[in-house]
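Worksheet: the structure to be examined is printed underneath.
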Amino acid sequence: MLPPARGVWLDRFRRVRAQTLKRVAPLTPEDMVVQSMPDTSPAKWHLAHTTWFFETFLLTGWSDYKPFDPDFSFLFNSYYEAVGPRQPRAQRGLLTRPPLSDVMAYRSYVDRHMEGRLSEPLTTEVEGLVALGLAHEEQHQELLLMDVLHLMAQSPLKPTVDPNRQADKHADQTGFHRLEGGLVEIGHRGDIFAFDNEGPRHKVYLEPFEIADRLVTNGEWLAFMAAGGYQQARHWLSEGWDAVRDNGWEAPLYWERTGDQWKVFGLNGLQPVDPEAPVVHVSYYEACAYAAWAGARLPTESEWEHAATTTPFQQLDDVAWQWTQSAYAPYPGFRPGAGAVGEYNGKFMVGQMVLRGGASVTPQGHSRPTYRNFFHPEKRWMFAGVRLARDIPLDAGFAADVVAGLSKRQKSLPPKYFYDACGSELFEAICDTPEYYPTRTETALLKAISPAIAAVIPAGAVLVEFGSGASLKTRCLLSAAPQIEAYVPIDISRSALEGARIRLSADYPDLTIQPVVGDFTSMVSLPPELQDRPRVGFFPGSTIGNFTPGEAIAFLKTARCVLGTNAHFIVGTDMVKDEDTLVRAYDDAAGVTAEFNKNLLVRINRELGGSFDVETFTHLAVWNPEHQRMEMHLVSQVDQIVTVAGHCFRFVSGERLHTENSHKFTVDTFTALAREAGWERANHWVSADPAFGVFDLIAASRQA
Ligand code: SAH
Ligand code: AVI
């Protein structure tokens with residue numbers, strides 16, 4: 001903690017003490033004596049107890065200080081066992097004596113001595129105690145208003161404590177922030193004052209999550225009530241449901257129904273419930289029930305703190321404390337301080353839930369994002385509201401495939417996961433590299449043979465393209481075969497499909513375009529309105545080479561079902577050629593293919609909370625003569641352990657992660673493969689070097 005300059009302590013002491021008096025100014029002496037329930041304390045007791053704190057921890061034993069009244073230690077000690085016995089908490093309201101005037105005299109006496117103490121040089125330890133005493137008094141300033149509100153709420157007269165009090169701020173109706181999570185740090189850094197329970201700063205792992213940028217409103221709470229939220233056990237924790245029935249809860253604390261209208265009692269009196277304002281004075285149980293009803297949950301305190309420090313939050317700390325689903329427990333490495341002040345927070349770390357943020361009654365500047373407030377789950381008299389959070393369902397397929405692939409002896413990943421938005425762009429960039437010949441070779445070939453292909457396409461046909469990407473080669477067919485009336489591009493990359501749809505519809509305004517986002521290896525059904533049209537399939541790019549032969553046969557069978565009998569299927573295949581040309585095509589000098597390959601690790605880190613250090617992997621492209629395929633690998637340069645989706649994987653230095661196969665074909669090998677899947681070769685074309693093939697397949701009449 002960096003202490004304020006000397007003299008500043010005195011100034012701060014005076015300001016904080018004066019603020020307390022300002023908060024009790026609207027109260028009568030009678031208001032200040034009564035205790036409305038065991039959890040609350042009379043205002044007079046707050047005034048005395050905060051004074052007792054300074055007297056006990058900063059004045060006793062200092063110089064020749066004499067206690068104002070030796071009995072006050074018993075009366076105004078709150079819970080410090082090390083200091084001695086005390087008035088039972090629930091009986092603070094019985095203390096009609098000492099009168100308020102004595103308590104005010106006590107404050108003045110202690111203030112005078114504190115002024116003396118703060119005018120002297122202070123050790124760091126004493127500065128820590130002064131900071132604690134001031135933060136403590138600010139906490140009681142908030143408690144004071146909570147307790148006064150509860151007291152006034154019991155009065156049939158419904159007295160207004162603060163007629164000028166500002167209404168709680170409305171938020172803009174925005175939504176949820178999405179956070180990637182991962183390994184983050186929470187807890188105070190030690191550069192400003194913080195309570196001991198806010199540290200030590202430590203790491204926590206967060207799954208990806210969403211968190212609301214504002215608090216739940218009264219209007220939303222009214223909808224919960226109208227939907228029977230307080231009458232249906234299924235939304236409630238068991239203890240919460242008991243609390244609803246035992247206490248007859250049917251609305252937040254301080255809400256009253258008059259006829260059809262709900263009103264809420266606050267420090268500004270009884271007012272109609274403002275549907276735009278945040279809901280306040282709800283218990284943890286109610287917050288959880290609301291969240292369950294709304295299809296959400298409460299954030300953990302780590303999620304809350306991480307989000308609050310990295311994302312813009314509305315209503316961060318100026319309306320209501322926000323329940324978290326974290327139990328109030330010590331952080332790793334927490335040790336209560338020595339002596340009586342060690343009892344300040346640590347001994348309450350059981351059975352309570354953490355709230356974060358701050359409230360309209362919290363003194364300005366008192367709270368901070370690491371602040372851990374805590375209350376029992378059934379309490380409602382504090383200013384507590386709700387900020388929702390939601391889980392982001394992991395792409396179960398992606399997570400499962402990656403975990404399965406990294407668990408194999410020869411680690412491998414399915415190449416379809418290359419194509420997130422960034423991967424799709426990188427693939428387009430690969431196509432423009434001088435070394436990657438397939439795209440420009442196939443495009444030139446398609447242009448040359450497009451009249452022959454157009455001749456087999458029936459009138460009114462729907463063109464179904466698998467792995468369409470940017471749909472550039474498609475243009476060769478669309479331009480040559482205007483009888484194509486509809487186009488169904490199927491691709492796993494939503495971003496690639498969306499970009500292609502926009503560009504194609506500008507250039508082919510009469511074409512019906514119905515993109516399908518999905519995995520083309522599963523049975524894709526065509527949009528119903530296109531199902532009666534004749535179909536023609538298109539699978540360029542030699543993407544079929546990215547399958548193993550077994551997978552390719554399975555895919556070709558699926559495509560046969562999708563396209564139906566008598567359909568033509570135009571498939572592009574890269575042909576076997578010299579190793580040097582192949583290796584250069586998959587390891588371009590500019591490193592675009594290397595970046596494409598490594599982007600898979602970047603994607604895993606982002607979407608699955610992976611911990612790949614991408615820089616420790618190098619791109620490798622090799623020709624496998626046995627399987628007639630180019631292979632891409634990522635080679636770990638060090639021994640390391642990587643975490644993905646909560647699983648750990650060991651890589652030894654030099655170990656390869658196999659990311660892609662690109663099988664190369666001859667006319668015979670591809671014809672044989674197609675035949676196994678029930679396709680006959682109707683025609684084929686192979687370009688001059690570098691050789692690239694286009695096959696016109698037709699569904700054989702017998703079922704393969
Ligand atoms: N046909 C284009 C793009 C080839 S790149 C061309 O020839 O240039 C391969 C394309 O297939 C990418 O757009 C990728 O997103 C898509 N893809 C890869 N595996 C896929 C799968 N299993 N299901 C659907 N699309 C896939
Ligand atoms: C999409 N597919 C056919 C490309 C290929 O050649 O196997 C993907 C690619 N990988 C590296 N460069 C391009």
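For reference, positions follow the sequence shown, starting with 1. Side chains included, hydrogens not; waters and symmetry mates left out as well; all remaining heavy atoms used. When a ligand or atom number is given, it counts from 1 through the structure's own listing order.
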What does the contact table look like for ligand 2 (nitrogen or oxygen on each side, cut-off under 3.5 Å)?
unit_1, atom_1, unit_2, atom_2, d
ligand 2, 2 (N), Asn546, OD1, 2.9
ligand 2, 6 (O), Tyr436, OH, 2.5
ligand 2, 6 (O), Tyr586, OH, 2.5
ligand 2, 7 (O), Asn546, ND2, 2.9
ligand 2, 7 (O), Ser662, OG, 2.2
ligand 2, 10 (N), Glu660, OE1, 2.7
ligand 2, 10 (N), Glu660, OE2, 3.3

For Gln232 and Ala227, indicate whether the former's side chain and the latter's backbone hold a donor-acceptor pair under 3.5 Å. yes
Judged by modelled atom types alone, do Tyr437 and Asp574 share a side-chain donor-acceptor pair under 3.5 Å? yes
Row check, Phe569 ring normal vs Arg560 NZ/CZ: under 6.0 Å, within 45°: no
Cation over ring, Arg390 on Phe176, under 6.0 Å and within 45°? yes
Regarding Arg650 and Asp639, does a basic nitrogen lie under 4.0 Å from an acidic carboxylate oxygen? no
One thing to verify: whether Glu579 and Lys664 come together as a salt bridge, which I'm taking to mean a side-chain N less than 4.0 angstrom from a carboxylate O. no
Let me have the donor-acceptor pairs involving side chains of residues 289-296, under 3.5 Å, with sequence neighbours excluded, atom names and distances please.
none

The protein residues that pass the under-4.0 Å heavy-atom test against ligand 1 are Lys416, Tyr419, Phe427, Glu465, Gly467, Ser468, Gly469, Lys473, Asp491, Ile492, Ser493, Gly518, Asp519, Phe520, Pro540, Gly541, Thr543
For residues 438-447, the side-chain hydrogen bond (donor to acceptor under 3.5 Å, both in side chains) pairs (sequence neighbours left out) are Glu442-Lys473
Within the 6.0 Å centroid threshold, strictly below: Phe665 and Phe692: no
